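Computed from a prediction, not measured in an experiment: that's the story for all the values here. In this chain, numbering begins with 1 at the start of the sequence shown.
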Amino acid sequence: MAQNKSSNKSTKSTSTSTSSSKRSSGVTWGINKISFYLIGAAAILYLVVLLLAAFEVSSTAVLAIQGVVTAFIISVVAYLAWKYVRGKPMVWKVLYVVFLLVVLIGIIVPLVKM
């Protein structure tokens, strides 16, 4: 009988902790939700760019909106990448900075040559 009560308590505490972790994970923003909303926001902004280009609105406005979308996507991805690299050895952090610099240079150099 005592054995039956103790197994019943452990089952109850396990189900309670499982349900509480489900509740807390529903509140937080996971990588999948962030990715979905980011791609949705980028799609909407790129549709605006497409419409502006179709109506031959100034190319600087189109380039500015495209730049904002690109910067937003890179910012979110860089933040998530840093969360991954943060606990890694220094080599990973250096590689992260090198990658980020190459991406920024890849964005800036074509804009300067225009």
Would [X] and [Y] show up in the same hydrophobic cluster when neighbours are defined by side-chain heavy atoms closer than 4.5 Å?
| X | Y | answer |
| --- | --- | --- |
| Ile105 | Phe99 | no |
| Val97 | Val85 | yes |
| Val102 | Tyr84 | no |
| Ile34 | Ile31 | yes |
| Leu63 | Leu50 | no |

Can you tell me if Tyr46 has over 12 outside heavy atoms packed within less than 6.0 Å of its OH?
yes
A quick test of your reading: do over 12 heavy atoms of other residues, nucleotides or ligands sit less than 6.0 Å from CD1 of Ile39?
no
Decide yes or no on side-chain contact (heavy atoms from CB on, under 4.5 Å) for Tyr79 and Val76, but give the supporting numbers first.
CA-CA 5 Å; Tyr79 172 73; Val76 171; 5.8 Å; no
What heavy-atom pair brings [X] and [Y] nearest, and what distance separates the two atoms?
| X | Y | answer |
| --- | --- | --- |
| Lys93 | Lys88 | CE-O, 3.5 Å |
| Ala78 | Tyr96 | O-OH, 2.9 Å |
| Ala42 | Val69 | CB-CG1, 3.9 Å |

Taking C-beta and beyond as the side chain, do Thr70 and Ile74 meet within less than 4.5 Å on heavy atoms?
yes
Is Phe72 close to Ser75 at the side-chain level, that is, under 4.5 Å between some pair of heavy atoms?
no
side-chain contact (heavy atoms from CB on, under 4.5 Å) evaluation trace for Val49 with Leu45:
CA-CA 6 Å; Val49 166; Leu45 288 173; 5.7 Å; no
Atom CG in Leu80, atom CG in Leu38: separation rounded to 0.5 Å?
9.0 Å
Spatial distance of atom CG (Leu52) from atom CD (Gln66) [nearest 0.5 Å]
10.0 Å
Val77: partners by side-chain contact (heavy atoms from CB on, under 4.5 Å), with sequence neighbours left out:
Ile73
